[in-house]
J.: 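My questions will all concern the structure given below.
Residue numbers start at 1 and run along the sequence shown. Hydrogens, waters and symmetry mates are skipped; everything else that's a heavy atom, side chains included, is used. Source: prediction; values computed, not measured.
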Amino acid sequence: MSPGQLASWAAHLAEGGLGRTLAPSTIQRKLAAVTSRHRKMTGEKVDGSLAADVLRTYRRERGSPRPRRAAPVTVDVLREIVTALPDTAQGSRDRALLVLGFAAMRRRSELAALDIGDVTAVRQGLLVWLRSSKTDQAGHGHEIPLLYGSRHLTCPVRAVQEWIALLRERGVTDGPLLRRVDQRGRVAGEPGYTGRSADGHRMTGAGISHAFKQACARAGLDPERWSPHGLRAGGATSAADAGAKAAAIETIGAWSPRSRQVHEYIRQRDRWDDHPMRDVGL
């Protein structure tokens with residue numbers, strides 16, 4: 001394969017040669033795959049500079065797409081969702097899941113990994129032990145303090161404690177915190193549970209996403225607009241709105257101090273608060 005042939009194929013892809021418009025990053029991956037395979041088969045390295053020029057031009061002409069962000073779940077939206085939950089075991093679990101995800105600014109995988117033993121009640125609220133996270137690949141652990149909320153319905157401490165109390169009533173005292181609930185309202189681990197149990201009864205990230213979207217639909221909100229990451233984003237944004245410092249948000253949400261994400265949440269708020277046209281009298 002010559003450099004010209006590779007560049008021609010890059011141009012073909014950029015022009016929709018596969019029947020659809022491809023993102024520059026997708027084309028780049030396809031080019032890398034082809035050149036890697038060619039090198040393995042022939043031992044020859046293809047000069048990709050011409051193809052890179054084609055891709056650079058395509059990227060410039062196409063422009064940058066609007067970044068996709070999960071819509072932040074504000075306190076008002078969270079209240080709407082939680083208010084619509086049924087007074088059942090599933091409703092209790094989902095309330096704990098939603099309010100904990102918001103107040104602790106947790107990812108789906110981190111919520112799913114929590115065990116009952118990771119939660120400790122203290123006078124001020126709860127201490128939640130996060131055994132590992134995206135920014136703690138070594139698994140050193142990170143303790144998150146949770147304060148009582150001003151309203152019972154959206155209080156993370158009460159939501160988690162009431163869920164744990166329900167589990168205890170049903171004979172479940174250890175193991176996964178967030179568990180499957182079958183169609184008959186039985187919690188994974190209690191006698192008579194009929195759901196799957198091969199994974200130790202623990203909810204998965206996909207299960208958390210499904211529960212979240214179900215709760216949104218029950219509240220009359222468009223499930224396609226929201227995702228569980230909106231809880232993490234909404235917690236950070238709401239904290240920034242309330243005047244919390246970036247360092248404090250980073251600590252609770254376990255963001256790296258070098259992460260740009262927290263500062264992006266704050267900038268999203270500041271672009272309205274600091275708008276140059278705010279006081280011009282229009």
J.: I'd like to check the side-chain contact (heavy atoms from CB on, under 4.5 Å) partners of R108; sequence neighbours left out, ordered by chain and number.
T.: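 Expected list: I208, S209, P228.
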
J.: According to salt bridge (Lys or Arg N to Asp or Glu O under 4.0 Å), does anything in residues 79-94 pair up with another residue at least two apart or in another chain? List the pairs.
T.: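 Those involving residues 79-94 are D76-R79.
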
J.: For the residue pair I144 and A104, what are the closest heavy atoms and their distance?
T.: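 That would be CG2-CB, 4.3 Å.
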
J.: Give the minimum heavy-atom separation between L22 and Y58, together with the two atoms involved.
T.: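 Nearest heavy atoms, L22 then Y58: O-OH, 2.6 Å.
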
J.: For Q183, what residues pass the side-chain contact (heavy atoms from CB on, under 4.5 Å) criterion, not counting sequence neighbours?
T.: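 None.
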
J.: Check whether any side-chain heavy atom of L177 sits under 4.5 Å from a side-chain heavy atom of V119, and report yes or no.
T.: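 In contact.
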
J.: Any sub-3.5 Å donor-acceptor pair from H142's side-chain atoms to T251's backbone N or O?
T.: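 Yes, H142 side chain to T251 backbone: donor-acceptor pair under 3.5 Å.
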
J.: Atom CD of E250 and atom CE of M105: how far apart are they, to the nearest 0.5 Å?
T.: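 That separation rounds to 10.5 Å.
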
J.: V160, V128: one ILVMFWY side-chain cluster at the under-4.5 Å cut-off?
T.: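 Yes, one cluster joins them.
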
J.: Can you name the nearest heavy-atom pair linking L98 to A215, along with the distance?
T.: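 That would be CD1-CB, 4.2 Å.
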
J.: Side-chain heavy atoms under 4.5 angstrom apart, residues restricted to Ile, Leu, Val, Met, Phe, Trp, Tyr: same cluster for V46 and V54?
T.: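 Different clusters: V46 never reaches V54 through Ile, Leu, Val, Met, Phe, Trp or Tyr contacts under 4.5 Å.
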
J.: Does R202 reach the main-chain N or O of A112 with its side chain, forming a donor-acceptor pair under 3.5 Å?
T.: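 Between the backbone of A112 and the side chain of R202 there is a qualifying donor-acceptor contact (under 3.5 Å).
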
J.: Which heavy atom of V99 sits nearest to which heavy atom of C155, and what is that distance?
T.: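 That closest heavy-atom pairing would be CG1-C, 3.8 Å.
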
J.: Find the distance between CG (L126) and OG1 (T120) and round it off to the nearest 0.5 Å.
T.: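 Here the rounded value is 8.5 Å.
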
J.: Mind checking whether W226 and V75 sit in one hydrophobic cluster, side chains of I, L, V, M, F, W, Y counted as touching below 4.5 Å?
T.: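 Per the 4.5 Å side-chain linkage, W226 and V75 are co-clustered.
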
J.: Can V73 be reached from L153 by stepping across I, L, V, M, F, W or Y side chains whose heavy atoms are under 4.5 Å apart?
T.: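 Yes, because L153 and V73 connect within a single hydrophobic cluster, where side-chain heavy atoms sit under 4.5 Å apart.
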
J.: Give the other cluster members for V122, using side-chain heavy-atom distances under 4.5 Å between Ile, Leu, Val, Met, Phe, Trp and Tyr residues; answer none if it is isolated.
T.: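 Grouped by the 4.5 Å side-chain rule, L127 form the rest of the cluster around V122.
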
J.: Please say yes or no: joined through hydrophobic side-chain contacts below 4.5 Å, possibly via intermediate residues, are I116 and L178 part of one cluster?
T.: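 Yes, one cluster joins them.
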
J.: Show the numbers, then the answer: is there a side-chain contact (heavy atoms from CB on, under 4.5 Å) between R179 and L167?
T.: CA-CA 10 Å; R179 295 166 171 257; L167 291 177; 4.0 Å; yes

J.: Which heavy-atom pair separates P145 from I252 by the least distance, and what is that distance?
T.: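 In this case the closest contact between P145 and I252 is CD-CD1, 3.7 Å.
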
J.: Measuring from atom CD1 of I81 to atom CG of L231, what distance do you get when rounded to the nearest 0.5 angstrom?
T.: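 So the gap between those two atoms works out to 7.0 Å.
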
J.: Closest heavy-atom contact between A188 and V172?
T.: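 Between these two residues, the closest heavy atoms are O-CG2, 4.3 Å.
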
J.: Is there side-chain contact between E44 and H38, with at least one heavy-atom pair below 4.5 Å?
T.: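 E44 reaches H38 side chain to side chain.
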
J.: Can you name the residues that form a salt bridge (charged side-chain N to carboxylate O under 4.0 Å, His left out) with R218, not counting sequence neighbours?
T.: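 In terms of salt bridge (charged side-chain N to carboxylate O under 4.0 Å, His left out), with neighbours along the sequence ignored, R218 is linked to no residue.
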
J.: Could you state the interatomic distance from CD1 (I249) to OG1 (T237), rounded to the nearest 0.5 Å?
T.: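 With rounding to 0.5 Å, CD1 (I249) is 8.0 Å from OG1 (T237).
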
J.: Measure the spacing between OG1 of T194 and CG of D182 and express it to the nearest 0.5 Å.
T.: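 It comes to 3.5 Å.
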
J.: Is a donor on one side and an acceptor on the other found under 3.5 Å between the side chain of D115 and the backbone of D118?
T.: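 Pair absent, no side-chain N/O of D115 close to backbone of D118.
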
J.: Can you name the side-chain contact (heavy atoms from CB on, under 4.5 Å) partners of H210, sequence neighbours left out?
T.: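 Q214.
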
J.: Residues in side chain to side chain donor-acceptor pair (under 3.5 Å) with R56, at least two apart?
T.: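 Checked R56 against side chain to side chain donor-acceptor pair (under 3.5 Å); matches are D53.
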
J.: Measure from the side-chain N and O atoms of R232 to the backbone N and O of G253, and report whether any donor-acceptor pair falls under 3.5 Å.
T.: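 Between the backbone of G253 and the side chain of R232 there is a qualifying donor-acceptor contact (under 3.5 Å).
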
J.: May I ask you to decide if S2's main-chain N or O and Q5's side chain share a donor-acceptor pair within less than 3.5 Å?
T.: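 Confirmed, Q5 side chain pairs with S2 backbone.
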
J.: Can you run down the side-chain hydrogen bond (donor to acceptor under 3.5 Å, both in side chains) pairs that involve residues 146-162, sequence neighbours left out, and say none if there aren't any?
T.: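 Non-adjacent pairs meeting side-chain hydrogen bond (donor to acceptor under 3.5 Å, both in side chains): R95-E162, H152-E162.
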
J.: Please list all pairs passing the side-chain hydrogen bond (donor to acceptor under 3.5 Å, both in side chains) test where one or both residues lie in residues 26-37, with sequence neighbours left out.
T.: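 As it turns out, the side-chain hydrogen bond (donor to acceptor under 3.5 Å, both in side chains) pairs with a partner in residues 26-37, which skip direct neighbours, are T26-R29.
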
J.: Who pairs with L166 by side-chain contact (heavy atoms from CB on, under 4.5 Å), at least two apart in sequence or on another chain?
T.: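 L166: side-chain contact (heavy atoms from CB on, under 4.5 Å) contacts with A89, S92, W163, R170, V187.
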
J.: Quick check: do V82 and L78 have side-chain heavy atoms less than 4.5 Å from each other?
T.: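 Of all side-chain heavy-atom pairs linking L78 with V82, at least one is under 4.5 Å.
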
J.: To the nearest 0.5 Å, how far apart are NE2 in H201 and CD in E190?
T.: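 The distance works out to 10.5 Å.
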
J.: Would you say the side-chain atoms of R180 pair up with the backbone N or O of M203, donor to acceptor, closer than 3.5 Å?
T.: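 No: the side chain of R180 does not pair with the backbone of M203.
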
